[in-house]
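Each remark here refers to the structure printed beneath this line.
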Amino acid sequence: MTDLSIDLGFIKLKNPIIASSGTFGYGLEFAPFIDLNKLGGIVVKGLYFSPRPGNSPPRLVEASSGLINAVGLQGVGVKKFSEEILPQLRKYSTAIIVNVCGEKDEEYASVVDFLDKEEGISAYELNISCPNVEKNGVCPALDPETTFSVVSLVKKSSSRPVIVKLSPNVTDIAEIALSAQEAGADALSLVNTFLAIAVDVETRKPVLPKVFGGLSGPAIKPLVLRMVYQVVSRVKIPVIGIGGILSAKDALEYLIIGARAVEVGTANLIDPEATVKIIDGLTEYCQKNGIDKIESIIGTLKKPQGLD
Amino acid sequence: MTDLSIDLGFIKLKNPIIASSGTFGYGLEFAPFIDLNKLGGIVVKGLYFSPRPGNSPPRLVEASSGLINAVGLQGVGVKKFSEEILPQLRKYSTAIIVNVCGEKDEEYASVVDFLDKEEGISAYELNISCPNVEKNGVCPALDPETTFSVVSLVKKSSSRPVIVKLSPNVTDIAEIALSAQEAGADALSLVNTFLAIAVDVETRKPVLPKVFGGLSGPAIKPLVLRMVYQVVSRVKIPVIGIGGILSAKDALEYLIIGARAVEVGTANLIDPEATVKIIDGLTEYCQKNGIDKIESIIGTLKKPQGLD
Amino acid sequence: MIKDSQARIIDKKSWNNYYLFSLESPRIASQAHPGQFIMIRISHHPHPLLRRPLSIHSKDEKSIDIFFQVSGLGTDLLSQKKVGDILDILGPLGKGFHGGASLNGKDVVAAGGGRGIAPLYFLAKELRSHGALVKIFYGGKSLEDIPLKEKFKRENFDLYCSTDDGSFGFKGFITEYLKTELEKFTPSRIFSCGPEEMMKKIAQFAAKKNIPAEFSLESVMGCGFGVCWGCVKRIKKNGEEGWVKICEEGPVFSSEEIVWTEEEK
Amino acid sequence: MIKDSQARIIDKKSWNNYYLFSLESPRIASQAHPGQFIMIRISHHPHPLLRRPLSIHSKDEKSIDIFFQVSGLGTDLLSQKKVGDILDILGPLGKGFHGGASLNGKDVVAAGGGRGIAPLYFLAKELRSHGALVKIFYGGKSLEDIPLKEKFKRENFDLYCSTDDGSFGFKGFITEYLKTELEKFTPSRIFSCGPEEMMKKIAQFAAKKNIPAEFSLESVMGCGFGVCWGCVKRIKKNGEEGWVKICEEGPVFSSEEIVWTEEEK
Ligand SMILES: Cc1cc2nc3c(=O)[nH]c(=O)nc-3n(C[C@H](O)[C@H](O)[C@H](O)COP(=O)(O)OP(=O)(O)OC[C@H]3O[C@@H](n4cnc5c(N)ncnc54)[C@H](O)[C@@H]3O)c2cc1C
Ligand SMILES: Cc1cc2nc3c(=O)[nH]c(=O)nc-3n(C[C@H](O)[C@H](O)[C@H](O)COP(=O)(O)OP(=O)(O)OC[C@H]3O[C@@H](n4cnc5c(N)ncnc54)[C@H](O)[C@@H]3O)c2cc1C
Ligand SMILES: Cc1cc2nc3c(=O)[nH]c(=O)nc-3n(C[C@H](O)[C@H](O)[C@H](O)COP(=O)(O)O)c2cc1C
Ligand SMILES: Cc1cc2nc3c(=O)[nH]c(=O)nc-3n(C[C@H](O)[C@H](O)[C@H](O)COP(=O)(O)O)c2cc1C
Ligand code: FES
Ligand code: FES
């Protein structure tokens, strides 16, 4: 029997496969396809305090091996989430993580405040990295100071562990990571989508009505692997890798580099069974390679030593 | 007759299609495939002052809709280039641009010094953005100050226009662009490759011996379009777009956003006729859409105005 | 609403740019309603990434048909599949058209343009089985774009064809043809699927004449089962307007529900 | 060294994981030398992006053959192409094997493992046409991995087969078989293509016995025609060691030229 469990310190996961925010709805939508109890965790769709209307369509455009989205975090708000969705989600034995959003630092804190009263949440994932198309993609995670400010504020009011989700649209992601760690982050998740544009050459308009969107999918994987590599050697808290994972092989690349867990995003849209297939693929890999505990491969990348 | 010519201020190009550095050899290698006189320009392979051995293999790994390379700028050095290659290249009536590299600011300047004596070069492209795998991807273009320093030094010694090639691995590429402009850059080219990693999950080694490589190809196009968009509204000098151009449609996206020319890179490896096909495709597009001069579509992206 | 990862292509027909596939899927065949759709996985490689939505064109006991036009890479790759190939599909998805028994003995119109005809064949057969008298309005750019006209004729539907270039039937848009004909009779309901401009026009004169109408909307779909929030359209329900996921609540909506917007392509 | 964007597949054979295609290309057929290769464009979509290098396996008046093993996505997609499909290829590329006329009447060995056998058929035929006495050493994991053995036999080549599992011929690696046989005769030259470990071993005992040897190297290739500098191997020429583009200067090098390195996979 292969042991796929992973200890993040503040929480133990059945396995390192977590469904990522915004690509897994509120979780329940996947119950007809897969046994949710099999997942390491579920990050629900980003929650602002109040319901949000989202952006006007088109909200999606396909790119080469990728997807550009500008959904704009349309969602139900904390109240409806707590009353209608959480009670159903709680029944599953998997880690429920809430993706917390805010226009201002205070909104993040008030979402956490509100949810702290509810049972059945394992951790918060602070979405400080959603490329806000209104503000040309600006978000707190672009800067160490704004990162520090929002993370420390939330940590003050939160009774639960806080995972901070970083943005890839920066020069030195390790610098932001260190800042989040200093502000008290319990873990980091890397990364949210890459700021992107597509143009319709026939109409000469941007395909997305507010020009910008966020790129996800296989196209970004090599870039995110690099960012995880840059961060794991600098921080002490666990890192969760997110970007372009379609298969167990993709997930393994992240784990070997040093991510202690991964989130699977766009893959869920293409194949609602993706997470479970990836979990099965991890078991298969471990069995084939005589690995008893998947923990034992984390961060085992054989780095070259002084080649010419 | 469609007029594809483009005025960059310091030079007029036959058309906006330039072959990008490192993917077009020293240019001559393509003579068996295409008529080099048809191109807007050719940027030759990156030149350091002295010949360079390059990195140990494997140097390439394919990614999703992309290519990761760690060639390491193996090359012949300025002397051999001037004596053996330039005399042959000069015969073609297309803009010859030399991609100038350096370990230190002074090396850039000495390459330019040396080449300034030679005839038949239209401009230099300052490669301050090649992710140097020895230094974990660090390069001058990551920082406005190091950018300013090397650009102003080179501008002092150069009798020719200087195009500054920027890196995508930054938070705010417009800031770097402004810094290069302030230092005297005559144009900007966006972008060099994205710092990337691939892992072999069977051996648990990085696929590239020095871990890092640079991602190019269609995967990066949506990200580079965004960067060009961010830069063109901030600078006065012309911007050349580079990234993932395989077809005329791809090139047109860049031109419509505001790039005055584009460089075609990885596409040359896949189809040595790519540049010429793209030029033909531009003519076709113009004819179909009743456009007499391609100049007239540059920067014509219809930006949304105050949608809800 | 679940997955068939082993739906075999058991028949394939084609006319120029248009294709008709029969897919073996007893489960979907038994559950499907007209106006519902499936999401097809085109490739198992990273590009093209997303599934593509296609309407259920008709159904048999154990199989469903899809009818599609090659519109880009995804449909092009799909068109190259052969009889015997296996497709991975999700469905039946969405809610489909309404009405049915209540239309017994009534005149109804099903108006489709180009590939928009796809769901209307299934709908027309179902409506007739409920006793409705179905008139099909079928428009295309040219004779080549109305390849299903024989099929509708074989089934003895009242068929009104138009082509923009006049190469077959009424010369002009199907909306104009319909408008002309509506001076002669007034259907109890209009069902329509096709380019948004066409549906908008039909909605306008249906509203003027007070004919209830239903439209099948299109949108780029990320998932097809309600989790990505990518497919929204402006919809008014219970007096409230908002962005509604058409994969879940639609793709079919009534005239009163749809807020036709300028921004839509 | 130019392009054929219209090379038609005129024949296709397969054995399990191995495929043999004949491609119509009079130009390449008239120019090709053994050991040269072509670069095939697998798809016209953004993924997989790069062309794939395949050796010229044999040639006819108007066509060339390729013989390949499915090793990943590119070769998998290629294997699905059908007779009549059109391929876009570059070639003939590289420099190929040396020797020829000078080997008239001499014993020579061509040793290939797995897919490495591909260029050796063309080579063996050419060598024989120059009067050389060619012995083929052909190894694979199992009987399934030496599908060309019948072909070599039909052409009356002296054939020595080995399989790792002993399912056919000598049980063990082809290198061991060759070593054993080399106690009985000494060829004037050894030509080899296959896994690097195999070639390294052959190079070692060829060196010991002072037999000149040539090897066809593999590498990930970005272009195949010398512009990306991606395909380099460590090569010693005129006393100087450096990274040399094998697509241009190779892929065939002699024992003395190759610097076998540890880092290579
Ligand atoms: C519910 C639903 C049912 C449909 N039923 C049918 C059908 O039965 N027969 C049929 O031929 N077509 C149908 N379509 C349209 C079909 O899904 C698109 O033609 C197809 O997805 C285009 O994919 P592609 O890869 O070929 O083109 P792409 O290269 O992806 O795009 C070509 C063009 O189509 C647009 N497009 C891309 N995806 C969609 C999409 N999901 N919806 C609308 N436009 C899109 C693009 O913006 C672009 O302009 C349906 C669409 C929906 C939403
Ligand atoms: C000059 C030359 C001639 C060749 N001739 C033949 C031949 O005649 N028959 C044959 O079956 N194979 C031949 N090969 C090997 C063949 O090119 C690879 O098997 C093929 O490119 C793999 O592509 P893929 O997409 O199927 O696999 P991928 O998914 O790309 O890769 C599968 C595995 O192969 C490795 N690989 C990828 N590209 C190459 C490459 N260009 N060379 C070596 N390894 C690679 C990858 O690192 C990976 O481990 C030749 C290679 C070279 C360089
Ligand atoms: C349609 C869509 C909606 C998303 N919504 C959210 C969100 O609400 N909150 C968030 O933190 N990330 C959101 N993301 C980002 C993903 O969680 C993930 O970080 C990103 O897609 C990269 O992973 P992938 O390549 O596996 O998709 C969204 C992504 C997509 C494609
Ligand atoms: C194999 C290879 C070698 C390259 N060498 C150089 C170089 O010498 N100098 C440089 O400025 N850019 C170099 N580049 C970057 C390209 O010029 C270009 O900026 C990048 O590939 C993005 O464009 P593309 O997506 O069209 O390939 C190289 C790229 C590749 C793939
Ligand atoms: S297509 Fe994903 S929610 Fe409708
Ligand atoms: S494969 Fe590009 S130089 Fe050899």
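- Contact annotation: the side chain of D:Cys228 never approaches that of B:Asn69 to less than 4.5 Å [non-hydrogen atoms, C-beta and beyond].
- Contacts of B:Asp271 with chain D are made by both backbone and side-chain atoms, with heavy-atom separations under 4.5 Å.
- Scanning residues 43-65 of chain D against chain B with a 4.5 Å non-hydrogen threshold yields D:Pro46, D:His47, D:Pro48, D:Leu49, D:Leu50, D:Arg51, D:Arg52, sorted by number.
- Using a distance-only test at 3.5 Å, with no hydrogens or angles considered, a donor-acceptor pair links the side chain of B:Gln74 to the main chain of D:Trp243.
- Here B:Ser64 is the residue among B:Gly22, B:Ala63, B:Gly27, B:Ser64 with the most heavy-atom pairs under 4.5 Å with chain D.
- Proximity to chain B (any heavy atom under 4.5 Å) is restricted, for D:Met221, to the backbone atoms N, CA, C and O.
- In this structure, no portion of B:Ala267 lies under 4.5 Å from any heavy atom of chain D.
- Between D:Val227 and B:Phe30, the shortest heavy-atom distance links the atoms CG1-CE1, 3.4 Å.
- For chain B, the nearby part of D:Leu90 is the side chain; its heavy atoms alone come within less than 4.5 Å.
- Most heavy-atom pairs under 4.5 Å with chain B, from the set D:Gly224, D:Gly222, D:Gly226: that is D:Gly222.
- The heavy-atom pair separating D:Trp229 from B:Arg59 by the smallest distance is O-NH1, 2.8 Å.
- Remark: the backbone N or O of B:Ile270 is not paired with any side-chain donor or acceptor of D:Arg41 at under 3.5 angstrom.
- Residues of residues 246-255 of chain D never come closer than 4.5 Å to chain B when only heavy atoms are counted.
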Dump the intermediate steps for side-chain contact (heavy atoms from CB on, under 4.5 Å) on D:Ile2 and B:Phe33, then the final yes or no.
CA-CA 6 Å; D:Ile2 28 175; B:Phe33 296 104; 4.2 Å; yes
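- Only the backbone of B:Thr23 comes within contact range of chain D, judged by heavy atoms closer than 4.5 Å.
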